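Notes follow the structure.
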Amino acid sequence: MNLSNITLGQYFPGDSAVHRLDPRYKIVLTLLYIVTLFLAGGVFSYLVCAAILLVVIFLSRISLRMVAKSVAPIGVLILITAVLNIFYTPGENILWQWWVLKITTEGILSAIRMIARIIMLVAGSSILTYTTSPIQLTDAIESLLSPLRVIRVPVHEISMMMSIALRFIPTLIEEADKIMSAQKARGADFESGNVFRRVKAMIPLLVPLFISAFRRADELALAMECRCYNGGKGRTRLHKLKAAPKDHVIFFTVLLLFAAISVAGRFGY
Amino acid sequence: MDTILRCEHAAFHYPDTDGAVLHDLSLSIERGSFTAVLGHNGSGKSTLAKLFNAILLPDSGKVYVDGMDTSDEAHLFDIRRRIGMVFQNPDNQIVSSVVEEDVAFAAENLGVPPDEIRRRVDDALATVGMTEFVRHAPHLLSGGQKQRIAIAGVIAMEPDCIVLDEPTAMLDPAGRRDVMQTLHRLRNELGITVVLITHHMDEALQADRVVVISDGRIVLDGAPGDVFTHCDTLASYSLSAPETVLLLSALQDAGLDVPLTAMTPEACADAIAAALSE
Amino acid sequence: MNAKLTVENLCHVYGENTPFRLAALDDVSFSVAPGELIGIIGHTGSGKSTLISHMNGLMKPTSGRILLDGADIWADPQKIRDIRFRVGLVFQYPEHQLFEDTVYRDIAFGPTNMGLDEDAVRERVEEAMEFVGLGPEYRNRSPFELSGGQKRRVAIAGVIAMRPEVLILDELTAGLDPRGCQELLGEICEFRRRTGCTVLLVSHSMDEVAEVADRILVMNHGHVEMFDAPGKVFAEAERIEAIGLTVPAVTKVFRLLADRGIPVNPSIFRRADALNALLSLRKGGRL
């Protein structure tokens, strides 16, 4: 087990058109894309959704292999969805039957639709994280949620927590790796035994990791205080999010496209 | 003397503990100076650092920053802006996952306009020699580089003074050397007052003044050439004089006429050569 | 004499077949005699951490072998855990690995994993506590309320309690003050004297290992740069400085003295030796 292989919200720095788009629009468009996927109905609307995805991947200059990698971990989920859809979709056109199990044309079509949806959904979201730095993401979320401040949602605090969490994930992974090695050197066994034994074997890893995380939190809070942190009030930013006219044009064009697909999808195209 | 930091009879103890950490401690730091505060672990030197920017307040006595009383809440942010702090563990003082964002953090908190933050970040990174890392992820940097990023984040506040609490304790020799060079540059080029808390003799040797603290009291205070000649006194406070001084002192005991103030290897060799040729 | 530990043509490559391929260890070979105290020196990234992680089987060589008492530690991969009990590895800042609620139970973790019975575990824990200078009054205290130096002692005792034949310590004194460094180093030397354990002391400070090491292994860019007695290593001060390391202050002074034409051995590194050399020179001059 090597913890340093874990990659969370991986970001590939770049300067493509997709990278440069205002992150707020990127988040909103990704969400709308997901909605569109579920409103899509016929072959035509699915093909357009796939085409949009391919165009965006091409524009972002992220390799198709990296996108495929993001889909791989949910392979099992895709398989289960496919099986459930194949066997449980009611249909007339029976192709194969055994005991209570039967496969219908409708079932196969529905399974294909679901698989296409899930793959495009995951690939689309991964394009968002691949092309948007964690900082931009949290800033965009803070900005998008800012209307909620009216109802006293601590928007700044939430985004600060998210960005600190992102900052410390690699540090804590590295630390977990070190503690694990140290305990292995004392004969700890993380890899054998039943579930109960394995959970128990994690204690020598988890206790020091938590203690360290608390210590880090304490020290970080102190360092932030020393650097005059006083919440979001009166705070300025080095990089203020500012959508350019081009961003608006892209956003509204894509928005209309999604709306058209959804309407076409409702009519069965 | 133009004083930037002043402790007057400061005493301190942590709540729920017996025994004071600092006893009736009085100390003035001159503006533009480079002072090393030396002491063994648990001597109270880190607590003293925290008094300097109002993280802690003395139980009795006063601490003044540029004439402002640290116990006066109205001055809190003004004090923290003027007295930058750098801590031991570089990992635990980096807030952001991008170098430039981290360096900008303090300036952002102070409400500095974005253009001005940009200028300060670029200047600060140039001062610590980390310009090429502006868009890097801090967790991939070495300890010494991280510590220089932390220093840059403090200079971006444009402080008058920077207090460093054992900034090199977790670094390798190359990292230590880079951090020390950076501190000299801050003092010499930007005129920032440096207070370096350490237990490395060779670092203290580079300061203009060395203050030795033991059990919450100042026990020695003076120029390095003066303080480090007190080999036995230092040993009694769990510290040790530089190896060169120990050698010279042993030679003196054996009747050789050498000065204890020849602390660099060059001066030491010269002194020994001179004494031998007599 | 048969070697205790032998490293044969050890290579370790990170990210083989990727653009990030990095040879952390490149054909490293050396051997250590039983009971020797070896200082392993190198700057960050020289490969010394990767090297020691191979010695107790935490990492597997890309190629090459590690022999303990002449036997390949990977001869039977199923038994690699036994190797970890025989080659004790104390990491940098070992106090960060403490997890039990009492000092006793934390130190007992290793011996218990060895499958020893309660009496044997107790005997080893008590012995280990004594070696690191922790009195019986510490037994039931929580390790988390101890001072930094004491926490580190608990962690070291946790490895010593396995009675390893080889003890490897990575940056033993990092972050301790001068007195703390000296005390801990003294305890390790005493432990070695009493048990005959082979000790490998990894450090980036020459000063720390010069005093105590029988031989010094200098690592640079993943290979062995030098491996010799301290005096011989310091005799090549230029070479050491060229790879970014420093020689002890006494050696620096003596090299300068030699440059000034004074007939002294420029590789002297101990203060006592330096004093004798200079005093004999003075007597010689007066005669």
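In this text, all values refer to a predicted model and were calculated from it rather than measured experimentally.
Chain A forms more heavy-atom pairs under 4.5 Å with one residue of B/N53, B/D102, B/V86 than with any other, namely B/D102. Of all the listed residues (B/D115, B/L76, B/D91), the one sharing the greatest number of non-hydrogen pairs under 4.5 Å with chain A is B/D91. Chain B forms more heavy-atom pairs under 4.5 Å with one residue of A/K240, A/E174, A/R216, A/M160 than with any other, namely A/R216. Counting heavy-atom pairs closer than 4.5 Å to chain B, the top-ranked of the candidates A/I164, A/L222, A/T171 is A/L222. Highest contact tally toward chain B, considering only A/P170, A/G234, A/G231, is held by A/P170 [criterion: heavy-atom pairs under 4.5 Å].
A donor-acceptor pair under 3.5 Å is absent between the side-chain atoms of B/N109 and the main chain of A/R235, judged by distance alone. Within the 3.5 Å criterion, the main-chain N or O of B/Q93 finds a donor-acceptor partner in the side chain of A/R227. In this structure, the side chain of A/T236 engages the main chain of B/V112 through a donor-acceptor pair within 3.5 Å. Judged by distance alone, the side chain of A/E219 and the main-chain N or O of B/N89 form no donor-acceptor pair under 3.5 Å.
Interface residues of residues 33-49 of chain B toward chain A, defined by a heavy-atom distance below 4.5 Å: none. Within residues 139-174 of chain B, the residues having any heavy atom closer than 4.5 Å to a heavy atom of chain A are B/H139, B/G153, B/M157, listed by residue number.
Under the side-chain hydrogen bond (donor to acceptor under 3.5 Å, both in side chains) criterion, B/Y64 pairs with no residue, sequence neighbours left out.
Only the backbone of B/A107 comes within contact range of chain A, with at least one heavy atom under 4.5 Å from a heavy atom of that chain. Looking at B/I94, both its backbone and its side chain come within 4.5 Å of chain A, counting heavy atoms on both sides. In this structure, chain A has heavy atoms under 4.5 Å from both the backbone and the side chain of B/E100.
Between the SG atom of A/C228 and the CZ atom of B/R81 there is a distance of 8.0 Å, given to the nearest 0.5 Å. Residue B/E101 holds its CD atom at 13.5 Å from CZ of A/R167, rounded to the nearest 0.5 Å.
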Margin query: Run the side chain to side chain contact (heavy atoms under 4.5 Å, CB included) test on A/F168 and B/N92 for me, step by step, so that the C-alpha distance in whole Å, both residues' side-chain angles and the decisive distance to 0.1 Å come before the verdict.
Written below: CA-CA 9 Å; A/F168 276 90; B/N92 298 354; 4.2 Å; yes
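Closest approach of A/C226 to B/F87, counting heavy atoms only: SG-CZ, 3.7 Å.
Residues A/L238 and B/E108 have side chains in contact (heavy-atom distance under 4.5 Å, counting atoms from C-beta outward).
Residue pairs meeting the ring-ring contact (aromatic ring centres under 6.0 Å, His included) criterion with at least one member in residues 102-134 of chain B, sequence neighbours excluded: A/Y229-B/F105, B/F133-B/H136.
For CZ of A/F58, the number of neighbouring non-hydrogen atoms (other residues, nucleotides, ligands) closer than 6.0 Å is 12 at most. By the 6.0 Å contact criterion, CZ on A/F210 is open, its count of non-hydrogen atoms from other residues, nucleotides or ligands being 12 or less.
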